[in-house]
Amino acid sequence: MTTQMSVDRLRGFIDLLMESLDDPVDGAEIARRAYLSRFHFDRLVTAALGESPGAFRRRLLLERAAYRLANRASVTDAAFDAGYGSTEAFGRAFRRSYGSTPSAFRASPSTFRIESPNGVHFHPPAGLLVPGPTERGMGMDVIDRMLEHDLWLSRRILDAAATLTDEDLDRDVRGREPMPYESHEPTVRGMLDRLVFTREVWNAGVGGRPSPLPGRDLSIEGLRQRLEDSAVEFTKIVHGIRDRGEWDTAFVNALRDPPETFTFGAMFLHVITFQACRRGELIEALGRLGIDDLGYGDPVEWERAVLDRSA
């Protein structure tokens with residue numbers, strides 16, 4: 001599925017068409033809901049989906065009808081649900097798409113999906129299956145997605161912290177005992193340091209280097225640079241583990257006291273899990289200081305931002 005419009009906008013159009021499946025409105029009304037003329041709406045959707053809004057809607061209705069027939073709905077009910085005024089008209093449309101009558105399909109069902117130019121299909125019980133784009137950045141696997149989301153949100157948190165005064169950065173914003181995975185410093189600056197330092201110390205442990213404890217730069221710019229450097233190295237380490245299939249390979253982390261053995265898979269899950277906890281604490285801490293536009297760290301927000309950028 002290719003399009004020149006943003007993916008978010010295209011999905012908005014698809015949502016409008018989906019909402020109208022059981023709504024007896026014409027194409028002009030759907031276009032009005034998209035704040036476009038009928039001509040402009042039809043042209044945009046047809047160019048993006050490879051089929052007109054009307055053909056797209058009719059195909060989804062037929063796919064839903066076929067699914068319901070396969071699950072023992074009557075031909076009459078399936079025809080009515082698909083918006084046809086008679087079983088005869090439904091039967092003609094069904095035969096053109098499936099090569100059999102609705103009754104024959106009901107008796108011996110096959111796939112309910114009709115070949116389409118865009119890969120969008122009805123998805124039971126009442127949704128859509130929409131393929132993702134293959135442009136840069138969205139062919140990534142779940143490991144890449146975890147790494148990219150962690151870095152994206154960490155950058156946003158640091159950008160937000162950069163708007164604070166030094167007094168606020170060094171203010172006690174916790175008011176409780178820290179959890180084992182949290183910074184012992186109850187300040188935003190201390191929490192940011194722990195967020196960055198975690199990756200640095202695991203990079204050193206995997207690489208067999210000494211702990212990076214001494215002389216850490218705790219300025220916002222220093223933290224930003226440390227974040228980027230540590231993320232580049234950690235991503236390279238994880239990609240190497242993934243590409244070599246070494247998730248179950250064990251290594252000794254000599255920086256632990258006493259030294260401790262981990263598999264690479266456990267190490268990655270440990271870092272990703274507790275980084276999410278640290279980011280959540282920072283979002284909460286920044287909220288106490290008046291910064292309340294960071295959401296709550298939902299990866300869906302990151303994916304939508306990346307999709308919109310890559311469209």
Side-chain angles (χ1 to χ4, degrees), residues 143 145-207 209-238 253 255-257 260 262 266-303 305-306:
I143 302 300
R145 288 169 183 258
M146 290 179 178
L147 292 168
E148 288 292 327
H149 170 250
D150 175 38
L151 181 57
W152 174 81
L153 187 53
S154 297
R155 284 169 172 162
R156 289 189 66 203
I157 289 169
L158 263 167
D159 287 345
T163 66
L164 297 174
T165 64
D166 283 337
E167 181 182 3
D168 281 339
L169 285 170
D170 298 318
R171 188 189 305 276
D172 185 339
V173 289
R174 182 181 285 140
R176 59 171 173 78
E177 289 298 310
M179 299 294 287
Y181 52 82
E182 294 175 337
S183 167
H184 291 292
E185 292 293 327
T187 66
V188 169
R189 195 188 303 275
M191 294 173 189
L192 288 169
D193 178 46
R194 181 62 184 270
L195 185 73
V196 175
F197 178 70
T198 290
R199 249 193 309 258
E200 292 174 329
V201 78
W202 279 106
N203 288 343
V206 174
R209 302 193 303 270
S211 172
L213 269 172
R216 302 200 302 275
D217 190 341
L218 300 182
S219 69
I220 291 296
E221 285 309 310
L223 286 161
R224 277 179 169 146
Q225 189 59 57
R226 288 170 55 200
L227 173 69
E228 298 301 325
D229 292 345
S230 62
V232 168
E233 183 177 2
F234 189 72
T235 298
K236 184 177 180 180
I237 288 170
V238 172
N253 187 352
L255 298 184
R256 290 270 176 152
D257 187 16
E260 193 171 352
F262 298 87
M267 178 274 294
F268 173 73
L269 291 173
H270 172 92
V271 172
I272 288 296
T273 297
F274 291 112
Q275 287 293 82
C277 296
R278 296 179 190 110
R279 294 193 309 265
E281 185 190 26
L282 272 160
I283 290 171
E284 183 180 357
L286 290 168
R288 294 195 190 104
L289 296 172
I291 299 174
D292 57 2
D293 59 351
L294 288 170
Y296 53 91
D298 188 351
V300 172
E301 183 184 1
W302 161 78
E303 184 181 79
V306 173

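Because the structure is a prediction, the values reported are computed rather than measured.
Looking only at distances, no side-chain donor or acceptor of R189 sits under 3.5 Å from a matching main-chain atom of D170. In this structure, T273 contributes its side chain and H270 its backbone to no donor-acceptor pair below 3.5 Å. Looking at S183, its side chain does come within 3.5 Å of a backbone N or O of G190 through a donor-acceptor pair. Remark: side-chain polar atoms of Q275 are paired, donor with acceptor, to backbone N or O of L195 under 3.5 angstrom.
Looking at heavy atoms from C-beta onward, P299 lies out of side-chain contact with W152 at the 4.5 angstrom threshold. Counting heavy atoms from C-beta on, the side chains of N253 and M267 never come closer than 4.5 Å. The shortest side-chain heavy-atom distance between V173 and M191 falls under the 4.5 Å cut-off. Between F268 and I143, some side-chain heavy-atom pair lies under the 4.5 Å cut-off. Side-chain contact between R279 and S154: present, with at least one pair of heavy atoms (C-beta onward) separated by less than 4.5 Å. Here the side chains of L164 and I220 are not in contact, with every heavy-atom distance at 4.5 Å or above. Looking at heavy atoms from C-beta onward, I157 lies in side-chain contact with L286 at the 4.5 angstrom threshold. Here the side chains of V271 and F234 are in contact, with some heavy-atom distance below 4.5 Å.
Residue pairs meeting the salt bridge (charged side-chain N to carboxylate O under 4.0 Å, His left out) criterion with at least one partner in residues 292-302, sequence neighbours excluded, are R156-E301.
A salt bridge does not link E185 to R216: none of the charged nitrogens lies less than 4.0 Å from a carboxylate oxygen. A salt bridge does not link R224 to E228: none of the charged nitrogens lies less than 4.0 Å from a carboxylate oxygen. For the pair D229 and R226, the salt-bridge criterion is not met [side-chain N within less than 4.0 Å of a carboxylate O].
The shortest heavy-atom contact between V206 and I237 is CG1-CG2, 4.0 Å. Closest non-hydrogen pair, G175 versus D172, comes out as N-OD1, 3.4 Å. In terms of heavy-atom proximity, L223 sits nearest to L218 at CD1-O, 3.5 Å. The two residues H149 and G297 have their closest heavy-atom pair at NE2-O, 3.1 Å. Shown here for L282 and V188, the closest heavy-atom pair between the two residues is CD2-O, 3.9 Å. Minimum heavy-atom separation, A231 to L151: CB-CD1, 3.8 Å.
In this view, E281 and R174, R176 satisfy the salt bridge (charged side-chain N to carboxylate O under 4.0 Å, His left out) rule, not counting sequence neighbours.
For the atom pair CG of D150 and CZ of R278, the computed distance is 10.0 Å after rounding to the nearest 0.5 Å. Rounded to the nearest 0.5 angstrom, L192 CG and L169 CG are separated by 7.5 Å. Remark: W202 CH2 to R199 CZ distance equals 14.0 Å, nearest 0.5 Å. Here the CD1 atom belonging to I283 is positioned 5.5 Å from the CG atom belonging to L294, to the nearest 0.5 angstrom. In this structure, NE2 in H184 is found 10.0 Å from CD in E177, a value given to the nearest 0.5 Å. Separation of atoms OG1 (T163) and CD1 (I291) is listed at 3.5 Å; rounding is to 0.5 Å.
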